[in-house]
A.B. asks: 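My structure is below; once you've seen it, I'll send some questions.
Along the sequence shown, residues carry numbers from 1. FYI, side chains are in, hydrogens and waters are out, and symmetry mates aren't considered; it's all heavy atoms of this structure.
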Amino acid sequence: MTGVLVIEGGRDVIGDLHVSGSKNAGLALMAAALLASGTSILDGIPSLSDIENMGDTLVHMGARIKRKSGSLLIDTTLINRCDIPKQLAQSHRGPILALGPLLARFGSASLFFPGGCAIGARPIEEHLRGLEKMGARVRVVDDCIQATAPSGLHGTVLSLNYPSVTGTMTLIMAACLARGVTQINNAAREPEVTDLVDCLISMGATIRRVGTGRLVITGRDALLLPYRHRIMEDRIEAGTFLILGALAGNPIKVHGFRPEHQVSLLHTLRASGARFQIGRDSVTVRKVLRRRSGLGCEARSLLDEWMTNRSCQDKDAHSRCCLKTASSS
């Protein structure tokens, strides 16, 4: 049957698993290529429909996209339009990340409200409110966002009502080419935001982290330089592999991620009795030898929180089913 997985449990899992690149980080990094003229290279990009759709969006605007040996080459030299049609804008949430770069580089952007996975409400008020405070004129006509900045964007102090990840990313990229200094308070602190900031700095942007949740960006009057950047790991996939190891690893070694991005989950799994050997960019996991009353109330609560706080849960579904089976057996 198409779309059905049949899993026969009760067996140990042994071997090596390699974590894919992060889709969410990749979408923002693809949008960041619009801040430069030339060919940017994104290494380790996953082959997913959202990435392909974002590539189609950039091609629509005049970019040239090429895949080569696990890397994505994005040439933005000939960008010649700033509109994103409905079928592209609503195919996923990535196109909203192009709003800031387009306004900052060309002074104009037009796109429909984003689509994407329907997990709760993820509004874009922070994006639009922040851009307006930076000098953009924004109006919404029939679900189409029409934004202009005829005199360019300018620096200001932005205090986000909530630390929106895509809102923070949008405003950071817009600020890179805005006049003066932009300060973003209550900025999102997820690793994907840090990955974007590191890439922008490598492109020539001036960005400072001041305290917790505060970023200071000094704009420049010239385009940034094209980048070559290795995308960070998919944290959901890494966490799912770690859970698999705690359930059935004998052992498994999970490669290609930063253990510091999984501190809470590692503490949770250790509390359940899983055993770890932690390296610089890998973790070897051995399964729980003897369950401690299931996972234990505290560990179960933390694990449930880890799973429900992820924006895309499909990759966790199979491990979650295994956990239910393990705790009830």
A.B. asks: Is the count of non-hydrogen atoms from other residues, nucleotides or ligands lying under 6.0 Å from Arg64 atom CZ greater than 12?
C.D. replies: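 Open.
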A.B. asks: Would Asp43 and Arg228 pass as an ion pair if we require N to O under 4.0 Å?
C.D. replies: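 Salt bridge: yes.
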A.B. asks: Can a donor-acceptor pair be found between the side chains of Asn24 and Ser22 at a distance below 3.5 Å?
C.D. replies: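 No, Ser22 and Asn24 have no side-chain donor paired with an acceptor closer than 3.5 Å.
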A.B. asks: Is Asp16 salt-bridged to Lys253, going by a charged N under 4.0 Å from an acidic O?
C.D. replies: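 Salt bridge between Asp16 and Lys253, a charged N being under 4.0 Å from a carboxylate O: no.
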A.B. asks: Within the side chain of Ser40, is there an N or O that forms a donor-acceptor pair under 3.5 Å with the backbone of Tyr227?
C.D. replies: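 Yes; at least one donor-acceptor contact below 3.5 Å.
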A.B. asks: According to the side chain to side chain donor-acceptor pair (under 3.5 Å) rule, which pairs have a member within residues 277-288, sequence neighbours left out?
C.D. replies: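 Listed once each, the pairs are Asp12-Lys287.
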A.B. asks: Does anything in residues 3-58 pair up under ring pair (Phe, Tyr, Trp, His ring centres under 6.0 Å), and if so which pairs, sequence neighbours excluded?
C.D. replies: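 Residue pairs passing ring pair (Phe, Tyr, Trp, His ring centres under 6.0 Å), neighbours aside: His18-His255.
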A.B. asks: Going by side-chain hydrogen bond (donor to acceptor under 3.5 Å, both in side chains), name the residues that satisfy it together with Ser108, two or more places apart in sequence or in a different chain.
C.D. replies: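 Applying side-chain hydrogen bond (donor to acceptor under 3.5 Å, both in side chains) to Ser108 gives none.
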A.B. asks: Taking Arg235 as the fixed residue, which of Glu190, Glu260, Glu192 is the one that meets the salt bridge (Lys or Arg N to Asp or Glu O under 4.0 Å) rule?
C.D. replies: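 When Glu190, Glu260, Glu192 are each tested with Arg235, the salt bridge (Lys or Arg N to Asp or Glu O under 4.0 Å) holds only for Glu192.
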A.B. asks: Under 3.5 Å, is there a donor-acceptor pair between the side chain of Asn53 and the main chain of Ser49?
C.D. replies: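 A pair under 3.5 Å: yes.
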A.B. asks: Can a donor-acceptor pair be found between the side chains of Asp195 and His229 at a distance below 3.5 Å?
C.D. replies: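 Distance-only check passes for Asp195 and His229.
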A.B. asks: Quick check: are there more than 12 heavy atoms from other residues, nucleotides or ligands sitting under 6.0 Å from CZ of Arg208?
C.D. replies: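 Result for CZ/Arg208: open.
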